[in-house]
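Reading through the structure tokens given below for one structure.
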Amino acid sequence: MTRWPAHPFDGWTSAPFRLALAPLMRAWVILNFRDLENIPRPSDAPQAHSAGLDSDRVLLFGSGPLVGWGVLSHDLGIPGALARALTRRTGRGADVDVIADPRMLIGSAVGALDGARLCRYDAIVVFLGVGDAVFYTATSLWRRAVTDLLARLERSTSQTTQVYIVEAAGIRSIPIFDSVLGTLAERHAQRLNRITRAVSAPMPRTTLLSIAPDLPERRQYQDYRAAPVYEQWAELLASVLTPALDPAPHRHESGEADPLEPDGAQRREARRQRAVDEFDRPDPDYQALLGPIVELALTSFGADGASFSLVDGERVRMSCTAGHDRGELPRAGSFCNLAIRESGVTVIPDARADERIRNGPTAAGRPEVRFYAGFAIESPSGERIGALCVFGAEPRAEADVNLVLLRELALTVQGELARQASHA
């Protein structure tokens with residue numbers, strides 16, 4: 001008696017047939033990718049923020065919905081929606097970075113992490129598998145590469161970082177893959193997911209997520225995807241991430257040990273200095289670029305002075321100022337050197353009473369500075385290159401300082417610098 005396959009494609013997806021199908025699937029994907037060229041996607045800095053203090057830091061990594069097809073800003077994609085969803089749940093700020101490439105496959109994933117300081121994130125969420133499913137990546141290659149990727153993430157992050165990998169699913173919900181071959185890709189995605197589940201099971205800080213938005217009316221989105229789709233993804237992710245995020249203040253030191261560099265303080269400083277040099281080559285007109293933001297900081301806080309200051313080698317340069325300009329100062333013992341050692345807001349209510357700073361050049365100069373509030377400015381790679389700060393000659397209680405506003409202004413500076421660097 002003839003035994004028919006339990007599923008109409010089961011006979012087509014045995015190992016020999018998968019090998020034969022792979023070239024066909026790849027040709028199909030390459031042909032369909034041409035349809036993506038005219039679909040908008042974000043061109044702004046690959047990050048998003050939500051207002052608040054003690055920010056949770058999340059990295060979104062991979063391809064698929066992280067690319068942001070159909071929207072023009074990451075703020076309208078998953079990064080912005082996730083930042084807002086986390087803040088609604090935690091009451092804290094959120095900083096969400098994204099490393100996404102529409103053509104990223106598992107074989108190139110580890111290389112895409114080069115240069116990223118993974119130890120600064122509280123959570124990392126990986127979206128990979130859809131591309132490999134439609135390209136029919138060999139299961140042996142997937143097993144080897146996903147093992148390498150997850151091992152790299154566990155090795156390169158802090159002991160409190162949680163890693164999440166989202167299973168590949170819903171391939172036929174993508175318009176260009178909504179066909180019979182898309183069904184074959186979904187079947188292959190299930191095989192890849194089973195391998196990922198087995199590889200990730202013994203890893204203590206890695207969690208496999210089986211989530212996908214409910215899109216019964218996906219065809220209403222004529223431009224491929226739309227903000228409501230990304231909001232659904234963000235809500236699903238936020239519901240998983242929130243319980244695992246530490247509610248304690250996030251005070252990561254800039255000198256925090258990198259798991260890959262156990263004795264690398266000098267290397268970290270050299271890397272930070274390279275980031276400073278990148279922003280100063282060619283020398284930008286910071287006053288024209290950032291002047292309105294710094295002026296707003298001065299007036300909003302009623303301070304004597306405000307500045308964007310670069311911590312450059314052994315000096316602090318006030319590269320953009322409003323109000324009182326203190327020029328260039330030694331780095332050692334400076335307010336801004338203290339600020340770049342913390343990831344949040346640094347407030348010194350009275351420098352005369354602060355052991356860390358009272359004998360430093362900025363506190364002891366003329367005119368005397370007693371009050372200081374600053375927020376570290378980061379390069380796109382995560383190096384703290386300087387600070388947005390406000391200061392004055394009169395002491396001021398920390399409770400009287402709008403820390404959330406200072407963070408928002410500093411992040412605006414950071415965004416402008418990232419845009420300037422991307423066009424240099």
Side-chain angles (χ1 to χ4, degrees), residues 45 47 95 115 117 120 252-255 265-298 301 303-348 351 356-357 360-363 365 369 372-392 406-424:
Q47 55 190 205
D95 297 321
R117 288 191 63 237
R120 63 197 175 108
H252 304 303
E253 294 291 320
S254 64
Q266 291 183 342
R267 294 180 188 175
R268 290 192 294 276
E269 174 57 24
R271 189 167 56 222
R272 194 198 69 80
Q273 184 60 47
R274 284 196 298 272
V276 173
D277 294 340
E278 286 295 323
F279 276 101
D280 264 6
R281 194 172 58 239
D283 189 22
D285 184 350
Y286 285 120
Q287 200 68 39
L289 181 69
L290 305 175
I293 308 171
V294 175
E295 286 280 356
L296 181 58
L298 178 74
F301 288 89
D304 296 330
S307 77
F308 161 63
S309 299
L310 276 174
V311 180
D312 185 4
E314 296 305 316
R315 58 183 179 163
V316 175
R317 291 193 288 120
M318 290 189 172
S319 300
C320 178
T321 63
H324 182 66
D325 183 354
R326 294 175 63 81
E328 186 175 299
L329 299 160
R331 175 178 176 179
S334 67
F335 292 114
C336 288
N337 190 49
L338 187 63
I340 68 168
R341 294 188 58 81
E342 298 193 11
S343 59
V345 180
T346 298
V347 179
I348 299 174
R356 301 169 297 172
I357 209 76
T362 46
V369 172
Y372 172 94
F375 191 94
I377 301 296
E378 295 182 352
S379 70
S381 62
E383 310 302 329
R384 294 176 194 147
I385 61 172
L388 175 69
C389 59
V390 293
F391 49 89
L406 183 60
R407 174 177 178 265
E408 290 300 299
L409 292 172
L411 292 176
T412 303
V413 168
Q414 189 168 296
E416 288 296 324
L417 289 174
R419 277 186 283 275
Q420 184 268 339
S422 68
H423 292 98

Measuring only between side-chain heavy atoms, which start at C-beta, is D95 closer than 4.5 Å to L411? yes
Whether E378 and R117 form a salt bridge (side-chain N of Lys/Arg under 4.0 Å from carboxylate O of Asp/Glu) is what I want to check. no
Can you list everything that forms a salt bridge (charged side-chain N to carboxylate O under 4.0 Å, His left out) with E408? Sequence neighbours excluded, please. none
Please answer whether the main-chain N or O of P330 pairs with a side-chain N or O of E314 as donor and acceptor at a distance below 3.5 Å. no
side-chain hydrogen bond (donor to acceptor under 3.5 Å, both in side chains) against Q414, all qualifying residues, sequence neighbours excluded: none
Could you state the interatomic distance from OG (S309) to CD1 (I385), rounded to the nearest 0.5 Å? 11.0 Å
Test side-chain hydrogen bond (donor to acceptor under 3.5 Å, both in side chains) applied to R272 - qualifying residues, sequence neighbours left out: E269
Measure the shortest side-chain to side-chain distance between L417 and L290 over non-hydrogen atoms and say whether it is less than 4.5 angstrom. yes
Please identify each residue that fulfils side-chain hydrogen bond (donor to acceptor under 3.5 Å, both in side chains) with E295, with sequence neighbours left out. none
So does R315 pair up with D312, basic N to acidic O under 4.0 Å? yes
Donor-acceptor contact present, side-chain R407 to main-chain F375, <3.5 Å: no
Does Y372 have any ring pair (Phe, Tyr, Trp, His ring centres under 6.0 Å) partners at least two apart in sequence or in another chain, and if so, which? F335
Among all residues two or more places apart in sequence or in another chain, which pass the side-chain hydrogen bond (donor to acceptor under 3.5 Å, both in side chains) test with S379? S381
